2 protein chains.
Amino acid sequence: MKLGTKGRYAVMALVDLAYYGQGKPLALTEIAQRQSLPISYLEQLFLKLRQKGFVASTRGHLGGYTLAREAEAIRISEILEAIGEPIETTRCDKSSSTGCLGTNAKCLTHTLWAGLGAQMHQYLHGISLADVCERRVV
Amino acid sequence: MKLGTKGRYAVMALVDLAYYGQGKPLALTEIAQRQSLPISYLEQLFLKLRQKGFVASTRGHLGGYTLAREAEAIRISEILEAIGEPIETTRCDKSSSTGCLGTNAKCLTHTLWAGLGAQMHQYLHGISLADVCERRVV
DNA sequence: GAATTCCCGACTAAATTAGTCAAGTATGAA
DNA sequence: TTCATACTTGACTAATTTAGTCGGGAATTC
């Protein structure tokens, strides 16, 4: 049960962008250097983040990325989902009527895992980019 | 951020053992069949569970495994740790004084991930095998 | 027109996962 | 005793995922 670099880097970079970029575009190279992240990897991540509407890009000299939404309105859970690092605690919830629903003894654990997932999602949904920047995280 | 089969299977098997085995040894083949789990994989897991003192084994005919502790006293978090599926949300907490502690702007996200890990651990520590068996999980 | 920066797809080495397989040891029942 | 059952253990492996790299292109500004 570990958090991969994709999700970690994406959040680090967006926090950096919210923290240091005040309306003005920040170049990816700058973010990458400050956070010690591989730039070509970051490019991949920001491609998705732009397509999903989290950031906007400016090309050319003095270009870079800006937040497309208010930092207060971006939840950590959204970022992880957008980047392709979803929270998967169960395996049998393929929305088919067949398969376990935690109703029989065989799948007593279903509700356990579902509860864990809900717990995680609730936590990450309750925290915004702005919260992280302003150290309002417990 | 996904839960692997190791942790899932281990908990499923222990719940089965607590649920169906009333003091008497349950053979691994029986558990494996009921839960549709690969038996040779379960063997690996029970090796660790025995070494860590969660189950006791009886060899030979009519042998099998029994819980070595009360089902009320076994926390889900312990099982995951014993089996080698720990909760890892951070990467820079190698207990060295060097490295990030969430104190500088570079690692603003540290407390975020640490908080997530704490949240997960708290949830899984608050639930025992007996809770799962008796459907006391929210 | 040159430098900078984003854009995008293809590729890959290494690690992890999710097991299998084979050979043994201990025990109880017939 | 002998046989079937069941745990014990280590070695091995195919497939997937992770964590990136690489190369070329397109837009923008100085």
Side-chain angles (χ1 to χ4, degrees), chain A residues 1-14 17 21 24-68 80 83-89 91, chain B residues 1-14 17 21 24-68 80 83-89 91:
Chain A
M1 198 88 212
K2 62 182 62 164
L3 180 68
T5 55
K6 257 191 316 193
R8 171 176 290 110
Y9 290 177
V11 173
M12 285 172 76
L14 285 184
L17 185 53
K24 296 298 169 196
L26 275 192
L28 227 43
T29 54
E30 192 182 332
I31 298 176
Q33 277 183 18
R34 190 161 37 223
Q35 303 291 332
S36 325
L37 303 177
I39 185 168
S40 39
Y41 195 36
L42 265 194
E43 285 178 343
Q44 278 185 49
L45 302 180
F46 271 74
L47 177 62
K48 285 182 189 166
L49 290 174
R50 184 176 57 82
Q51 290 169 344
K52 299 287 171 69
F54 290 91
V55 297
S57 63
T58 316
R59 290 163 80 138
H61 191 49
L62 294 186
Y65 288 95
T66 51
L67 284 185
L80 296 181
I83 219 66
E85 178 133 350
I87 292 168
E88 286 182 10
T89 52
R91 285 204 168 164
Chain B
M1 200 88 210
K2 61 183 64 166
L3 180 69
T5 54
K6 256 191 318 195
R8 172 175 289 110
Y9 290 179
V11 173
M12 284 173 76
L14 286 183
L17 186 53
K24 296 297 168 194
L26 274 192
L28 227 44
T29 53
E30 191 182 333
I31 299 176
Q33 277 184 18
R34 190 160 36 221
Q35 303 291 331
S36 326
L37 303 176
I39 185 166
S40 38
Y41 195 37
L42 266 193
E43 285 176 344
Q44 277 185 49
L45 302 180
F46 271 74
L47 175 62
K48 285 180 188 165
L49 290 174
R50 184 176 57 81
Q51 289 169 344
K52 297 288 172 65
F54 291 90
V55 297
S57 63
T58 315
R59 291 165 78 139
H61 191 49
L62 296 186
Y65 288 95
T66 51
L67 285 184
L80 296 180
I83 220 66
E85 179 132 349
I87 292 167
E88 285 182 12
T89 52
R91 284 204 169 163

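Basis for what follows: all heavy atoms, side chains included, without hydrogens, waters or symmetry-related copies. Just so it is clear, the model here is predicted, and its values are computed rather than measured. Within every chain, numbering begins at 1; the chains are lettered A, B, ... in the order of the sequence lines, protein sequences first and strands thereafter.
- You won't find any donor-acceptor pair under 3.5 Å spanning the side chain of B:E85 and the base of C:dT17, going by distance alone.
- Taking the side chain of A:R91 as heavy atoms from C-beta on, and the options C:dG19, D:dC7, C:dA18, the nearest nucleotide is C:dA18.
- Heavy atoms of A:L37 sit nowhere under 4.0 angstrom from any nucleic acid atom.
- If you take CD of B:Q51 and P of D:dT9, they are 6 Å apart, rounded to a whole angstrom.
- Across all non-hydrogen atoms, the minimal contact from B:P25 to B:T58 is CG-OG1, 3.8 Å.
- Using modelled atom types, no side-chain atom of A:R91 and backbone atom of B:G4 make a donor-acceptor pair closer than 3.5 Å.
- A close approach under 4.0 Å does occur between a side-chain nitrogen or oxygen of B:T5 and OP1 or OP2 of C:dA18.
- Between the side chain of B:Q44 and the base of C:dT20, a donor-acceptor pair under 3.5 Å is found.
- The side chain of A:S57 contributes no N or O atom lying less than 4.0 Å from OP1 or OP2 of C:dC6.
- Atom P of nucleotide C:dT16 and atom NZ of B:K2 are separated by 15 Å, given to the nearest angstrom.
- In this structure, B:R50 does not reach the D:dC7 phosphate: none of its side-chain N or O atoms is under 4.0 Å from OP1 or OP2.
- Side chain of A:S40, nearest nucleotide from C:dC8, D:dA6, D:dC22: D:dC22.
- Look at NZ on A:K24: it is 21 Å from P on C:dT4, rounded to the nearest Å.
- No side-chain heavy atom of A:I83 sits under 4.5 Å from any side-chain heavy atom of A:V11.
- Looking only at distances, no side-chain donor or acceptor of A:R34 sits under 3.5 Å from a matching main-chain atom of A:A13.
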Contact pattern, 5' to 3', of nucleotides 25-30 of chain C - B, S or - by protein heavy atom under 4.0 Å: BBBSS-
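- Atom-to-atom, OH of B:Y9 to P of C:dA18 comes out at 8 Å; the value is rounded to the nearest Å.
- Here the nucleotide nearest the side chain of B:E43, chosen from C:dG19, C:dA22, C:dC6, is C:dA22.
- In this entry the distance linking OH of B:Y41 with P of D:dT8 reads 18 Å, nearest Å.
- Between B:M1 and A:M1, the closest side-chain pair of non-hydrogen atoms falls below 4.5 Å.
- When the side-chain nitrogen and oxygen atoms of B:R8 are compared with OP1 and OP2 of C:dT17, none of them lie within a distance under 4.0 Å.
- Rounded to whole Å, atom P of C:dC21 lies 20 Å from atom CG of B:L47.
- Contact annotation: B:Y65 side-chain N/O to D:dT8 OP1/OP2 distance is under 4.0 Å.
- No side-chain heavy atom of A:M12 sits less than 4.5 Å from a side-chain heavy atom of A:I31.
- Computed from coordinates, the B:I83 CD1 to C:dG19 C1' distance equals 14 Å when rounded to whole Å.
- Mapping B:I39 and A:L28 onto DNA chain C by nearest heavy atom places A:L28 at the nucleotide closer to the 5' end.
- If you take CE of B:M1 and P of D:dT17, they are 17 Å apart, rounded to a whole angstrom.
- Below 30°, between 30° and 60°, or above 60°: for B:Y65 and B:F46 the angle between ring planes is between 30° and 60°, a tilted geometry.
- Side-chain contact check for B:V55 versus B:L14: some heavy-atom pair is nearer than 4.5 Å.
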